[in-house]
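Note sheet for the following structure.
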Amino acid sequence: MKSIKTHSFTEDLIFDDQKPAIKAMFESPFSKEIRIAMQKGQKMKAHQTSFPIVVHVLRGTIDFGYKGVVKELTEGDIITLEGGISHSLFAHKESVIRLTLSKSDKAKRVVDVASENSDQ
């Protein structure tokens, strides 16, 4: 039997004053799990991936924009998005987000989006 690993999205939580803080938490046999820590007012401008994603707000409140719609997501809310759809995030208050990526996607892509595509 393979070992079971556990991970915490709230331990060692670090926010960045300049941009959303991205941390690859773990990789499962079928997905990559990423933590996005956003301070109030931080944004991730419109971007997209070729693969489906799942966004789960663990703490805080964000605006999730896609296809000309802005959906407010609060603690506990979860949304799925097909690949190829441009989307953006804006934190109304300090927020912690779990992003589930396809195994085929790259976690570095999310780091690059936060670094190059954020706007205070």
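Please read all numbers here as calculations on a predicted model, not as lab measurements. Just so you know, these numbers use all the heavy atoms, side chains as well, and skip hydrogens, waters and symmetry mates. When a residue number appears, it is its place in the shown sequence, counting from 1.
Leu73 pairs with exactly one of Ile78, Ile79, Leu89 by the side chain to side chain contact (heavy atoms under 4.5 Å, CB included) rule, that one being Ile79.
Residue His87 holds its NE2 atom at 13.0 Å from CD of Glu82, rounded to the nearest 0.5 Å. The structure places CE of Met25 at 10.0 Å from CZ of Arg98, a figure rounded to the nearest 0.5 Å. The distance from the CE atom of Met38 to the CD1 atom of Ile22 is 8.0 Å, given to the nearest 0.5 Å. Put simply, CD on Gln39 and CD on Glu94 are 6.0 Å apart, with the number rounded to the nearest 0.5 Å. In this structure, Phe30 CZ and Thr100 OG1 are separated by 8.5 Å, a value rounded to the nearest 0.5 Å.
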| Hey, mind stepping through Val55 and Leu81 against side-chain contact (heavy atoms from CB on, under 4.5 Å) and telling me if it holds? | CA-CA 8 Å; Val55 175; Leu81 196 64; over 6 Å; no
| Criterion side-chain contact (heavy atoms from CB on, under 4.5 Å) on Thr10 and Val96, from CA distance to verdict | CA-CA 8 Å; Thr10 57; Val96 179; 5.7 Å; no
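Between Val110 and Leu101, the closest side-chain pair of non-hydrogen atoms falls below 4.5 Å. Contact check for Ile53 versus Leu99: side-chain heavy atoms found under the 4.5 Å cut-off. Taking 4.5 Å as the limit, some side-chain heavy atom of Arg35 sits within range of a side-chain heavy atom of Leu13.
Heavy atoms only, all atoms of each residue included: Ala114 and Pro20 are closest at CB-O, 3.8 Å. Across all non-hydrogen atoms, the minimal contact from Met44 to Ile36 is SD-CG2, 4.2 Å. When all heavy atoms of Ile14 and Ala37 are compared, the closest pair comes out as O-CB, 3.7 Å.
Without hydrogens or angle criteria, Lys32 side chain to Asp105 main chain gives a donor-acceptor distance under 3.5 Å. Looking at His47, its side chain does come within 3.5 Å of a backbone N or O of Lys45 through a donor-acceptor pair. A donor-acceptor pair is defined here as one N or O able to donate and one able to accept, closer than 3.5 Å; such a pair exists between the side chain of Ser95 and the backbone of Thr61. Judged by distance alone, with hydrogens and angles left aside, the side-chain atoms of Gln42 form a donor-acceptor pair with the main-chain N or O of Lys19 at under 3.5 Å. The closest donor-acceptor contact from the side chain of Lys103 to the backbone of Ser28 lies under 3.5 Å.
Using modelled atom types and a 3.5 Å distance limit, the side chains of Glu72 and Thr74 yield no donor-acceptor pair.
Between Phe26 and Phe9, the ring-plane angle classifies as perpendicular under the 30° and 60° cut-offs. Between Phe64 and Tyr66, the ring-plane angle classifies as tilted under the 30° and 60° cut-offs.
Hydrophobic cluster membership differs between Val57 and Val70, with clusters built from Ile, Leu, Val, Met, Phe, Trp and Tyr side chains linked at under 4.5 angstrom.
Residues passing the ring pair (Phe, Tyr, Trp, His ring centres under 6.0 Å) test with His56: none are found, sequence neighbours excluded.
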